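Just below is one structure, and these are the notes that go with it.
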Amino acid sequence: MPDRDPVGALTTALAQIAGVPVELERPSDAAHGDYATNVALKLAGSRREAPLDVAAELAEQIGGIAGVEGVDIAGPGFLNLTVADTWLASALDGVLAAGREFGCGSAAPRERVQVELVSANPTGPITVASARNGAYGDAVARLLEFAGNEVEREYYYNDAGAQMERFRASVEALRRGEDPPEDGYQGAYVADLAREDGDPVPRVLERIEATLARFRVHIDTFEKESAVEAEIPAALAELETYEADGAVWARTSAHGDDKDRVVIRSDGSTTYFAADAAYIRRKFARGFDRLVYVLGADHHGYVARLAALAQMLGHPRESVEVLVYQLVHLSQRGQSAKMSKRRGDVVFLDEFLDEIGIDAARWYLLARGHDQTIEVDVDLAAEQSQKNPVYYVQYAHARIAGILRNAEGRPAVATPVGPLAAEERELIKRLLELPEVAREATARRAPHAVPAYAIRVADDFHRFYHDHRVLETEEEAFRLALCTATRDVVATCLDLLGIEAPERM
């Protein structure tokens with residue numbers, strides 16, 4: 001079977017010649033070759049030789065690699081490689097053979113991972129702010145699964161405590177015909193819950209589950225705070241603790257935290273950190289190799305303290321990850337929407353989905369790095385035109401699906417009749433980037449790299465399609481193969497983002 005990662009194989013061959021790791025890049029101008037590397041510049045220092053001399057030596061050896069058609073030395077010692085049409089055709093055959101599995105399986109070793117996401121208290125429906133948590137956490141989970149890991153998604157919620165009591169008190173006040181407490185919850189959804197009898201929390205949880213399912217965020221397990229709190233004594237027994245100022249402290253500073261943490265207050269009550277200890281212990285007891293927490297910007301301080309807990313409980317610090325995401329701001333018709341669940345002026349996820357659709361919502365919540373604040377223009381996000389990036393990428397998939405419907409039953413073969421056109425070469429090289437894009441996005445927990453790549457694939461496909469007829473040409477079989485591979489790569493990208501790949505638009 002052809003290589004599942006042709007560029008990776010070429011990089012490995014270069015590294016074996018150079019004796020050091022090699023990075024390949026695509027020059028912005030195809031006239032400078034198909035791939036470029038600065039490995040000669042890196043080697044020159046350690047060898048105490050002129051970069052051009054090192055480049056000349058490497059160029060001679062690289063020219064012997066199968067599929068490398070030419071090697072040019074540029075500037076102070078860059079190596080520009082040109083690959084043969086036969087290499088690109090063979091690489092395309094590999095993409096076709098792999099289908100939707102092209103680019104997957106990069107995890108080494110494969111792990112059992114839990115991703116805890118959303119975890120909003122059930123004091124109201126899911127908001128747009130929590131939706132970013134869901135979209136981001138789910139996309140990270142999808143990338144981890146694509147890499148070959150076993151992944152579980154968990155939602156942790158408070159079923160008791162001060163916030164929950166304020167919420168219940170707000171509903172009860174409305175039932176009595178009174179205003180909610182000053183520090184309680186307001187809004188139409190609270191009034192709706194007050195019209196029904198019984199505890200409002202289970203009904204809110206049902207709505208949360210339904211909204212997340214609609215948003216394509218599947219939750220495998222829901223964990224209650226009360227179940228975790230019952231295990232606090234057992235967790236604290238495994239930590240190094242000491243007494244000071246009438247309280248009990250965990251010695252987390254000895255394990256990388258900036259200070260020690262109180263676990264039992266002077267009045268005998270346990271702290272949130274004690275619950276964190278019980279929760280992380282409970283997670284590891286279920287056999288996970290890695291724990292991923294997706295938390296809002298106000299939880300930045302959790303990174304060191306949770307890593308310290310992992311180490312205190314006998315696990316590597318790096319087996320716990322805290323992914324912190326920034327806020328979401330919405331604007332419509334030039335006006336910003338300010339959101340507060342407790343005040344009642346909040347944008348719920350269901351309303352957001354009604355306005356712009358699931359695919360656009362997930363795209364816009366994932367298109368920027370999690371460490372950046374998102375500004376979503378609702379009017380643009382709702383627009384079904386090529387100005388809307390998700391529509392633009394989906395249209396590429398739908399256009400290819402239409403071509404393949406019209407060509408039903410005709411052969412698709414990754415062997416060109418004549419020389420490859422420039423647009424065909426560029427599109428194949430773009431498709432071959434998927435394994436590295438997926439690998440890097442997974443390693444950096446950065447799913448925003450996927451929509452950026454998907455746009456580039458769509459750009460290259462639309463450019464190819466504009467300049468070259470597919471059906472009823474001498475190159476029909478090859479171009480059908482190229483279209484099929486492009487369709488699969490676009491579909492994979494959209495699936496990693498939890499977005500549909502439509503057959504028609």
Side-chain angles (χ1 to χ4, degrees), residues 105 107-122 130 133-134 136-161 202 205 208-209 212-213 216-241 250 252 255-257 261 263 270-296 299 302-325 442-443 445:
R110 297 186 176 188
E111 296 181 318
R112 189 160 182 258
V113 185
Q114 187 199 72
V115 178
E116 186 209 319
L117 66 168
V118 187
S119 297
N121 287 335
S130 293
N133 185 312
Y136 174 57
D138 181 60
V140 168
R142 288 169 184 259
L143 283 165
L144 288 166
E145 287 171 331
F146 189 68
N149 299 291
E150 179 186 345
V151 181
E152 177 191 272
R153 296 159 176 82
E154 179 159 283
Y155 187 120
Y156 174 81
Y157 68 93
N158 296 343
D159 56 341
L205 278 170
I208 287 173
E209 289 188 51
L212 289 175
R216 305 188 191 120
V217 176
H218 171 74
I219 303 297
D220 297 298
T221 57
F222 285 83
E223 187 67 272
K224 295 181 180 180
E225 183 181 26
S226 57
V228 170
E229 287 184 338
E231 297 181 4
I232 287 178
L236 296 186
E238 295 186 27
L239 302 182
E240 181 184 356
T241 59
T252 55
H255 299 273
D257 197 2
R261 306 285 172 176
V263 289
T270 55
T271 63
Y272 284 119
F273 186 72
D276 289 336
Y279 189 28
I280 201 170
R281 175 178 175 272
R282 186 180 176 92
K283 288 170 180 272
F284 277 123
R286 290 164 57 192
F288 293 108
D289 303 303
R290 181 172 302 276
L291 307 179
V292 178
Y293 292 74
V294 183
L295 302 174
H299 291 78
Y302 274 62
V303 178
R305 70 184 72 170
L306 291 181
L309 274 178
Q311 193 172 62
M312 294 176 81
L313 291 167
H315 304 277
R317 291 176 56 82
E318 58 273 16
S319 63
V320 173
E321 299 178 28
V322 180
L323 308 181
V324 175
Y325 65 94
T442 304
R445 311 299 189 239

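Bear in mind the structure is a predicted one, so any value in this text is a computation, not a measurement. Residues take their numbers from the sequence shown, with the count starting at 1.
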- prompt: Yes or no on side-chain contact (heavy atoms from CB on, under 4.5 Å) for Glu150 and Arg110, after CA distance, side-chain angles and deciding distance?
  reply: CA-CA 8 Å; Glu150 179 186 345; Arg110 297 186 176 188; over 6 Å; no
Say whether His255 and Asp257, considering side chains only, have a donor N or O and an acceptor N or O under 3.5 Å apart. no
Report task. Verify salt bridge (Lys or Arg N to Asp or Glu O under 4.0 Å) between Asp138 and Arg216, making sure each step is shown before the conclusion. Result -> CA-CA 9 Å; Asp138 181 60; Arg216 305 188 191 120; over 6 Å; no
Distance col, row Thr252:OG1 vs Gln311:CD, nearest 0.5 angstrom, shows 11.0 Å
Margin query: Is the distance between the ring centroids of Tyr279 and Tyr156 under 6.0 Å?
Written below: yes
Q: Might you work through the side-chain contact (heavy atoms from CB on, under 4.5 Å) test for Ile208 and Tyr157, ending with a clear yes or no?
A: CA-CA 11 Å; Ile208 287 173; Tyr157 68 93; over 6 Å; no
Exercise for the section: Check the pair Asp276 / Thr271 against side-chain contact (heavy atoms from CB on, under 4.5 Å), numbers first and verdict last. Expected result: CA-CA 9 Å; Asp276 289 336; Thr271 63; over 6 Å; no
Residues Glu223 and Val228: closest non-hydrogen pair is CG-CG2, 3.9 Å
Here the gap from His299 atom NE2 to Leu323 atom CG, rounded to the nearest 0.5 Å, amounts to 13.5 Å
Report task. Flag yes if more than 12 heavy atoms outside Phe222 fall under 6.0 Å of its CZ atom; otherwise flag no. Result -> yes
OG1 of Thr270 to CD1 of Ile232, rounded to nearest 0.5 Å, is 4.0 Å
Worksheet item: Can any side-chain N or O of Tyr293 pair as donor or acceptor with the backbone N or O of Val324 at less than 3.5 Å?
Response: no
Here the gap from Arg281 atom CZ to Leu239 atom CG, rounded to the nearest 0.5 Å, amounts to 9.5 Å
Correct closest heavy-atom pair for Leu117 and Gly137 would be CD1-C, 3.9 Å
Residue pairs passing the salt bridge (charged side-chain N to carboxylate O under 4.0 Å, His left out) test with at least one member in residues 303-316, sequence neighbours excluded, are none
**Q.** Full working for salt bridge (Lys or Arg N to Asp or Glu O under 4.0 Å) between Arg282 and Glu154
**A.** CA-CA 13 Å; Arg282 186 180 176 92; Glu154 179 159 283; over 6 Å; no
When Lys283, His315, Glu321 are each screened for side-chain contact (heavy atoms from CB on, under 4.5 Å) with Leu291, the one that passes is Lys283
Value for CD (Glu152) from OG1 (Thr221), rounded to nearest 0.5 Å, stands at 3.5 Å
| field | Flag, side chain of Asn133 to backbone of Gly296, donor-acceptor distance under 3.5 Å | value | no
* Given the rule in the side-chain contact (heavy atoms from CB on, under 4.5 Å) test, do Thr442 and Phe146 qualify, once you have shown the distances and angles that lead to the verdict? -> CA-CA 9 Å; Thr442 304; Phe146 189 68; 6.0 Å; no
Heavy atoms of Phe288 and Val113 approach each other most closely as CD2-C, 3.7 Å
Rounding to 0.5 Å, atoms CG (Leu313) and OG (Ser319) come to a distance of 9.5 Å
